[in-house]
Amino acid sequence: MPKETTTKRGKTDGKVKQKRAKKDPNAPKRGLSAYMFFANEQRENVREENPGISFGQVGKILGERWKALNDKQRVPYETKAATDKKRYEQEKAIYQADSD
DNA sequence: AAAGTGATTGTTTTG
DNA sequence: CAAAACAATCACTTT
């Protein structure tokens, strides 16, 4: 099993995986994640409820809110994430086709 | 086949 | 413009 759960995902060391260069020809960047969609809506809300806070704060608060919701509440976000994933599926397919 | 690894995604705010 | 905290992901890779 890789690292326990969250916190410093990828990377076996601790080096922040700061956007690596693409190793593939077309590099079909995967799809977005539920958090991306959730943040898209909460970002406005969080910032409004926390006027005058720093970047790290809003970021953290956003994360707390995320899980603060019930799995059912994040459903719409997961749904979008799944939909976005499909988008990637297309790229991937093309990427494979082109690669070949 | 199973396990793991890496790469990626988007937001916020500030200098 | 880029960077960190925040979370998910999950397709591809390797054994």
Side-chain angles (χ1 to χ4, degrees):
Chain A
M1 320 87 169
K3 293 311 161 198
E4 270 57 72
T5 37
T6 51
T7 320
K8 103 204 283 262
R9 64 260 124 215
K11 268 317 174 221
T12 330
D13 294 308
K15 282 172 167 256
V16 198
K17 43 90 239 163
Q18 189 187 307
K19 297 157 77 144
R20 261 228 197 279
K22 57 212 304 256
K23 48 181 179 48
D24 293 303
N26 316 56
K29 344 272 201 191
R30 342 158 4 149
L32 276 66
S33 60
Y35 193 85
M36 304 293 106
F37 308 101
F38 156 86
N40 261 288
E41 306 215 329
Q42 293 299 310
R43 103 198 133 169
E44 300 173 31
N45 210 55
V46 174
R47 245 222 79 228
E48 277 192 37
E49 300 205 326
N50 305 286
I53 59 176
S54 339
F55 147 37
Q57 276 44 314
V58 179
K60 280 180 174 168
I61 292 152
L62 252 164
E64 289 180 63
R65 303 280 253 180
W66 170 238
K67 288 178 178 171
L69 307 167
N70 304 319
D71 303 274
K72 180 178 175 164
Q73 269 68 141
R74 47 188 244 180
V75 151
Y77 309 103
E78 291 176 338
T79 301
K80 272 206 124 215
T83 300
D84 186 280
K85 174 195 149 308
K86 289 185 192 142
R87 175 98 257 98
Y88 166 87
E89 279 180 26
Q90 194 191 189
E91 300 171 56
K92 175 189 73 168
I94 296 159
Y95 153 67
Q96 290 170 351
D98 181 79
S99 198
D100 194 289

Nearest to the side chain of V58(A), which nucleotide is it out of dC6(C), dT12(B), dG10(B)?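 Closest nucleotide among those given: dT12(B).
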Could you go over nucleotides 12-15 of chain C and give all protein N or O partners under 3.5 Å, atom names and distances?
from: dC12(C); atom 1: OP1; to: Q96(A); atom 2: NE2; distance (Å): 3.1

Can you check whether A39(A)'s main-chain N or O pairs, donor with acceptor, with Y77(A)'s side chain at less than 3.5 Å?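 Side chain of Y77(A) to backbone of A39(A), a donor-acceptor pair under 3.5 Å: no, none is there.
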Expressed as a whole number of angstroms, how long is the span from [X]:[atom1] to [N]:[atom2]?
| X | N | atom1 | atom2 | answer |
| --- | --- | --- | --- | --- |
| Y35(A) | dA8(C) | OH | C1' | 10 Å |
| I94(A) | dA11(C) | CD1 | P | 16 Å |
| K29(A) | dA8(C) | NZ | P | 23 Å |
| M36(A) | dT8(B) | CE | P | 15 Å |
| I53(A) | dC6(C) | CD1 | C1' | 13 Å |
| E41(A) | dG10(B) | CD | C1' | 13 Å |
| D84(A) | dC10(C) | CG | C1' | 12 Å |
| Q42(A) | dT11(B) | CD | C1' | 12 Å |

Could you check if a side-chain atom of I61(A) sits within less than 4.5 angstrom of a side-chain atom of E49(A), using non-hydrogen atoms only?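 Not in contact.
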Are L62(A) and Y35(A) close enough that some pair of their side-chain heavy atoms sits under 4.5 Å apart?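 Side-chain contact under 4.5 Å: yes.
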What is the nucleic acid contact for R65(A), judged by heavy atoms within less than 4.0 Å: base, sugar-phosphate only, or nothing?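 The residue R65(A) makes no contact with any strand.
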How long is the span from the [atom1] atom in [X] to the [atom2] atom in [Y], to the nearest 0.5 Å?
| X | Y | atom1 | atom2 | result |
| --- | --- | --- | --- | --- |
| Q73(A) | E78(A) | CD | CD | 11.0 Å |
| Q42(A) | E48(A) | CD | CD | 11.0 Å |
| F38(A) | L69(A) | CZ | CG | 5.5 Å |

Take A81(A) and L62(A), find for each the nucleotide of DNA chain C with the closest heavy atom, and name the residue whose nucleotide sits nearer the 5' end.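 Between the two, 5'-proximity favours L62(A).
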Short N-O contact, E41(A) and K80(A), less than 4.0 angstrom: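 Between K80(A) and E41(A) there is no salt bridge, as every charged N stays at least 4.0 Å from the carboxylate O atoms.
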